[in-house]
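A quick write-up on the structure given underneath.
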Amino acid sequence: MTPEKYDLHCHSTASDGSLSPAEVVRRAGEQGVTVLALTDHDTTAGLTEAGQSAADHRIRLIDGIELSANYLGQCLHIIGLNIDPRCPALMQGIAGQHTVRAERAQKIAEKLEKKRIPGVYEAVSRAAGQGEITRSHFAAFLLANGYVGSQQEAFDRYLSKGKPAYVPTAWAEMAEVVDWIGQAGGMAVMAHPLRYKLSTTWLNRALPVFKEMGGLGIEVVNGRGSDDEIRLGCQLARKHGLYASVGSDFHSPDNQWLELGRLNDLPKDLPAVWELF
Ligand code: AMP
Ligand code: MN
Ligand code: MN
Ligand code: MN
């Protein structure tokens, strides 16, 4: 029997990915993934289409989501795995996050307008279509219209904290987000813990709180993480008794994001999140 190949973090056009949910699933199959979680930002809208496509590609689809959460003024991403997307508490939570995203998008556009960059709101709304508007959509607009030379520059010059088009955002509290995931029968996993540029001391304080709230896992292998980051992630998982997760955080075939399924193996001693599926 061939071993399973897991990828438990990726995006589609339901948020800031460039492929439709069905295309993401097909591509994952081509890359040899056998268990895939689609985890769009603050939405489950792509899961039905992904589930239909998964059957055609012999992939087991895990219903997922990547929720933006506030903890002590810091935005953290919490992944929900194996959730029931029809859970009322989760659906209500997602509706609130949608309002936050839509209002924030208008404010970002107003700030860019003040920097003499007109017409952004209409353009990003059109680009996002039925999907959630993210800062990636703004970065893509700024790049396509020649205001910046790369998406990274869009974040560095306009969209990141402290920059002219940054808007502080009232995401749900981490405790609420973990609670919605729990009510939806899923497991809460802290995404890419080392991407937030937080100190180890901060993380070592936050992770027991996350666990106390009901958090179960931590993403130790993330698409863009270095070997050192993987080692550190594994240390955090062991120290705090959290299940380990792996995900590419794939967004698109043609940018800096990593390919679906192209992930390092977990060290054998670490319990993996899929033991709980
Ligand atoms: P949002 O959730 O709307 O704040 O958008 C966050 C998304 O923007 C992330 O999920 C990434 O896909 C993207 N992003 C954040 N920072 C950067 C960056 N420095 N360069 C490129 N993409 C980024
Ligand atoms: Mn994203
Ligand atoms: Mn994330
Ligand atoms: Mn992600």
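Residues take their numbers from the sequence shown, with the count starting at 1.
Exactly one residue among Asp40, Val25, Leu260 makes a side chain to side chain contact (heavy atoms under 4.5 Å, CB included) with Cys10. That residue is Leu260.
In this structure a side-chain-to-backbone donor-acceptor pair under 3.5 Å is present from Lys5 to Gln31. Between the side chain of Ser150 and the main chain of Val148, no donor-acceptor pair closer than 3.5 Å is present. Side chain of Gln235 to backbone of Leu232: no donor-acceptor contact under 3.5 angstrom is found. Without hydrogens or angle criteria, Glu4 side chain to Thr34 main chain gives no donor-acceptor distance under 3.5 Å. Judged purely by atom type and a 3.5 angstrom limit, Ser53 has no side-chain atom pairing as donor or acceptor with the backbone of Glu49. Using modelled atom types, no side-chain atom of Lys161 and backbone atom of Tyr166 make a donor-acceptor pair closer than 3.5 Å. For the pair Asp16 (side chain) and His41 (backbone), a donor-acceptor distance under 3.5 Å is absent.
Interatomic distance, OG1 of Thr200 versus CZ of Arg205, reported as 11.5 Å (0.5 Å rounding). Note that CG of Leu36 is 8.0 Å distant from OG of Ser248, once rounded to the nearest 0.5 Å. From Asn145, atom CG reaches atom CD1 of Ile117 across 9.0 Å, with rounding to the nearest 0.5 Å. For the atom pair His98 NE2 and Arg101 CZ, the distance stands at 10.5 Å (nearest 0.5 Å). Expressed to the nearest 0.5 Å, how far CD1 of Ile218 lies from CG of Leu194 amounts to 7.5 Å. Taking CG of Asn264 as the reference point, atom CG of Asn222 lies at 11.0 Å (rounded to 0.5 Å).
At least one side-chain heavy atom of Leu19 sits less than 4.5 Å from a side-chain heavy atom of Phe250. Using a 4.5 Å cut-off on side-chain heavy atoms (C-beta onward), Arg262 and Asp7 make no contact. Using a 4.5 Å cut-off on side-chain heavy atoms (C-beta onward), Val273 and Tyr6 make no contact. Looking at heavy atoms from C-beta onward, Ile108 lies in side-chain contact with Leu159 at the 4.5 angstrom threshold. Residues Val246 and Trp274 meet the side-chain proximity criterion, which asks for heavy atoms closer than 4.5 Å. Contact annotation: the side chain of Val221 approaches that of Leu266 to within less than 4.5 Å [non-hydrogen atoms, C-beta and beyond]. Pro21 has its side chain within reach of Leu38: a pair of non-hydrogen atoms, C-beta onward, lies under 4.5 Å apart. Under the 4.5 Å side-chain criterion, counting only non-hydrogen atoms from C-beta, Trp171 is not in contact with Leu67.
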(request) Test side-chain contact (heavy atoms from CB on, under 4.5 Å) on Met174 and Met190 and set out the steps. (result) CA-CA 10 Å; Met174 179 162 75; Met190 187 170 295; 4.2 Å; yes

(request) Might you work through the side-chain contact (heavy atoms from CB on, under 4.5 Å) test for Tyr147 and Lys115, ending with a clear yes or no? (result) CA-CA 11 Å; Tyr147 294 104; Lys115 291 278 156 196; over 6 Å; no

(request) Step by step, work out the side-chain contact (heavy atoms from CB on, under 4.5 Å) result for Trp180 and Gln97. (result) CA-CA 12 Å; Trp180 304 337; Gln97 300 279 89; 4.1 Å; yes

(request) Assess whether side-chain contact (heavy atoms from CB on, under 4.5 Å) is satisfied between Thr39 and Leu8, documenting all intermediate values. (result) CA-CA 8 Å; Thr39 55; Leu8 303 177; over 6 Å; no

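When all heavy atoms are compared, the tightest approach of Val33 to Gly261 is CG2-CA, 3.5 Å. Nearest heavy-atom pair across Pro164 and Arg157 is CD-O, 3.2 Å. Considering all non-hydrogen atoms of both residues, Pro85 and Met91 come closest at O-CG, 3.3 Å. In this structure, Ala272 and Tyr243 approach most closely via the heavy-atom pair O-CD2, 3.4 Å. The shortest heavy-atom contact between Ile94 and Ile65 is CD1-CD1, 3.5 Å. The heavy-atom pair separating Pro193 from Leu203 by the smallest distance is O-CD1, 3.7 Å.
Residue Arg238 places its CZ atom among more than 12 non-hydrogen atoms of other residues, nucleotides or ligands, all under 6.0 Å distant. At most 12 non-hydrogen atoms from other residues, nucleotides or ligands lie less than 6.0 angstrom from CD of Gln130. For Gln92, the CD atom is loosely surrounded, since the number of other residues' heavy atoms within 6.0 Å does not exceed 12.
Residues Leu72 and Val100 do not share a hydrophobic cluster, defined by chaining ILVMFWY side chains whose heavy atoms lie under 4.5 Å apart.
Classified by interplanar angle (parallel below 30°, tilted 30° to 60°, perpendicular above 60°), the ring pair His77/Tyr196 is perpendicular.
With respect to Asp249 and Arg195, a salt bridge is recorded, a charged nitrogen being found less than 4.0 Å from a carboxylate O.
A donor and an acceptor atom, one from each side chain of His11 and Glu66, are located under 3.5 Å apart. The closest side-chain donor-acceptor pair between Glu132 and Ser15, if any, does not fall under 3.5 angstrom. Judged by distance alone, the side chains of Thr44 and Asp63 never bring a donor and an acceptor atom under 3.5 Å apart.
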